[in-house]
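These notes concern the structure reproduced below.
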Amino acid sequence: MIKIARLFQTYIWIIDTIRRTRGITLEEINEQWLRTQLSEGIPLHRNSFKRYRDAIEDTFHLKIECRKQGDQFRYSLSQSRDLHGNQLKHWLLSTMTVAGIVGESKHLQKRILLEYVPSGEDYLAEITRAMERNCTLEIEYRKFTDAQSYTIEVEPYCLKLFRQRWYLLARRVADGRMRIFSLDRMQYALSTDHPFVFPDDFNAADYFQHDFGIFHDDKAPTLITIRAYNGLGKYYTTLPLHHTQRLVASTDQYDEFTLCLHPTPDFIQELLSQADRIEIVSPQTLRQTFHSLLSEAAMRNN
């Protein structure tokens, strides 16, 4: 088990090292390799590197190309663009890269703090197994607001990670309605032998394209204009609220953005978290909702 984990750390290290360059020689890779604890002071020989290249292609479907530039052979990721286009692959590699760095720098583990994800480990494997087989899931579920749990059979469509929690989008067998289930509210999840027809035209990214988080709305998206004050605009520029976000104006006092999405409760809560630095310019209905919620909060805390 330790050997397998070490191999994966090596694969991730090689991918990350090559990914951060526009081309790197084996000698340059070796210089960095010998500075890691993974190397144990042993150089990365060409034959070993070739085995790792083949394993990386088989495991991650990433091809490490070798091209001659001048009198040197340089290695690069031929599918590096795919890392940005494939959200799942990018997330997996990013997560494993962090895990590899932390594992490699054991003496720094107490100085690197990560966010805790309180759900997913117990049921992810069972849910993905049902998704692969296109079979229904039987889950026992208890909402935070309910005193009792209930059992329901669902058709699993997709998984989504949002705000440190895993969510399952599924169609309820009983009434055919699509619903979101949080994995940390599941008491158990068990795949059945009941097949269902997964629609060929369903695309998870398209389903949530106009949503902020896990709340979904079938209505047309709303064009929203907000102003961010006191440096918040710079934060939103580096970490956009939504993929439709556009900077439309910038002054000494504020940055103005437009977004095209559904103003769902989770989006409004996100804006409320920055209420002292946010102004809703339009639409007026959202501006009024925002003002009402702030007034209620103020009265509650008087």
Side-chain angles (χ1 to χ4, degrees), residues 60-61 85-96 115-222 241-244 259-270 286 289:
F60 301 105
H61 305 291
N86 189 319
Q87 192 178 49
L88 176 60
K89 185 183 291 185
H90 186 273
W91 179 82
L92 285 171
L93 285 175
S94 176
T95 301
M96 286 187 288
E115 288 190 328
Y116 170 61
V117 178
S119 64
E121 295 86 355
D122 294 336
Y123 306 117
L124 273 177
E126 191 70 18
I127 291 171
T128 54
R129 185 157 44 244
M131 290 168 64
E132 287 175 350
R133 296 168 55 226
N134 283 336
C135 287
T136 64
L137 272 170
E138 184 177 291
I139 62 176
E140 183 180 346
Y141 197 74
R142 181 181 175 183
K143 297 179 182 179
F144 288 146
T145 54
D146 290 350
Q148 300 292 329
S149 63
Y150 63 91
T151 302
I152 187 173
E153 185 177 3
V154 299
E155 300 171 354
Y157 271 53
C158 75
L159 286 161
K160 184 173 184 179
L161 181 63
F162 179 69
R163 293 288 191 268
Q164 300 173 248
R165 298 181 190 274
W166 280 103
Y167 294 89
L168 170 68
L169 173 67
R171 180 179 176 271
R172 298 194 306 201
V173 172
D175 58 14
R177 300 177 69 180
M178 298 289 277
R179 284 292 180 266
I180 282 283
F181 300 91
S182 178
L183 269 62
D184 65 349
R185 279 160 250 177
M186 292 182 181
Q187 307 298 303
Y188 76 79
L190 185 66
S191 57
T192 74
D193 292 324
H194 307 154
F196 71 95
V197 178
F198 182 75
D200 293 333
D201 59 349
F202 177 82
N203 183 291
D206 290 344
Y207 184 87
F208 286 106
Q209 66 174 323
H210 295 303
D211 300 316
F212 173 73
I214 50 92
F215 284 91
H216 177 71
D217 196 324
D218 289 322
K219 298 176 183 177
T222 301
L241 285 166
H242 194 254
H243 66 87
T244 60
L259 306 98
C260 188
L261 74 166
H262 299 126
T264 48
D266 47 7
F267 176 67
I268 295 173
Q269 286 298 320
E270 175 65 23
L286 179 59
T289 298

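We number each residue from 1, following the sequence as shown.
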For Phe215, give me all partners under ring-ring contact (aromatic ring centres under 6.0 Å, His included), at least two apart in sequence or on another chain. none

Atom OG1 of Thr151 and atom CD1 of Ile139: how far apart are they, to the nearest 0.5 Å? 9.0 Å

If you round to the nearest 0.5 Å, how far is CZ of Phe144 from CZ of Arg142? 10.0 Å

Go through the structure and list residues passing ring-ring contact (aromatic ring centres under 6.0 Å, His included) with His216, not counting sequence neighbours. Tyr207

How many angstroms lie between atom CZ of Phe267 and atom CG of Leu261, to the nearest 0.5 angstrom? 5.0 Å

Taking only residues two or more places apart in sequence, or in another chain, which ones meet Glu140 in a side-chain hydrogen bond (donor to acceptor under 3.5 Å, both in side chains)? Ser149

The test is side-chain contact (heavy atoms from CB on, under 4.5 Å); show your working for Leu241 and Leu259 and say whether it passes. CA-CA 8 Å; Leu241 285 166; Leu259 306 98; 3.8 Å; yes

Euclidean distance, Leu168 CG relative to Arg185 CZ, rounded to 0.5 Å: 12.5 Å

Mind checking what makes side-chain contact (heavy atoms from CB on, under 4.5 Å) contact with Met131, not counting sequence neighbours? Ile127, Pro156, Leu159

Should Glu126 and Arg129 count as an ion pair when the cut-off is N to O under 4.0 Å? yes

Is there a donor-acceptor pair under 3.5 Å between the side chain of Ser191 and the backbone N or O of Ala130? no

Of all residues at least two apart in sequence or in a different chain, which pass the salt bridge (charged side-chain N to carboxylate O under 4.0 Å, His left out) check with Arg172? Asp175

Restricting to side-chain contact (heavy atoms from CB on, under 4.5 Å), what partner residues turn up for Lys160, sequence neighbours left out? Phe208, Ile214

Once rounded to the nearest 0.5 Å, what's the spacing between atom CD of Glu270 and atom CZ of Phe212? 4.0 Å

Tell me the closest heavy-atom pair linking Cys260 and His210, and the distance in Å. O-ND1, 3.7 Å

Name every donor-acceptor pair, under 3.5 Å, that has one atom in a side chain of residues 192-201 and the other anywhere in the protein, sequence neighbours excluded.
from	atom 1	to	atom 2	distance (Å)
Thr192	OG1	Thr136	O	3.2
Thr192	OG1	Thr136	OG1	2.5
Thr192	OG1	His194	N	3.0
Asp193	OD1	Arg133	NH2	3.1
His194	ND1	Glu153	OE2	2.8

CD-CG distance between Gln209 and Asp206, expressed to the nearest 0.5 angstrom: 5.0 Å

Verify side-chain contact (heavy atoms from CB on, under 4.5 Å) between Arg165 and Leu183, making sure each step is shown before the conclusion. CA-CA 7 Å; Arg165 298 181 190 274; Leu183 269 62; over 6 Å; no

Please identify each residue that fulfils side-chain hydrogen bond (donor to acceptor under 3.5 Å, both in side chains) with Glu138, with sequence neighbours left out. Tyr188

So salt bridge (Lys or Arg N to Asp or Glu O under 4.0 Å) across residues 209-221, not counting sequence neighbours, yields none

According to side-chain hydrogen bond (donor to acceptor under 3.5 Å, both in side chains), who are the partners of Arg179, at least two apart in sequence or on a separate chain? none

In a check of ring-ring contact (aromatic ring centres under 6.0 Å, His included) between Phe181 and each of Trp166, Tyr141, Tyr123, which one passes? Tyr141

Set of residues satisfying side-chain hydrogen bond (donor to acceptor under 3.5 Å, both in side chains) with respect to Asp266, sequence neighbours excluded: Thr264

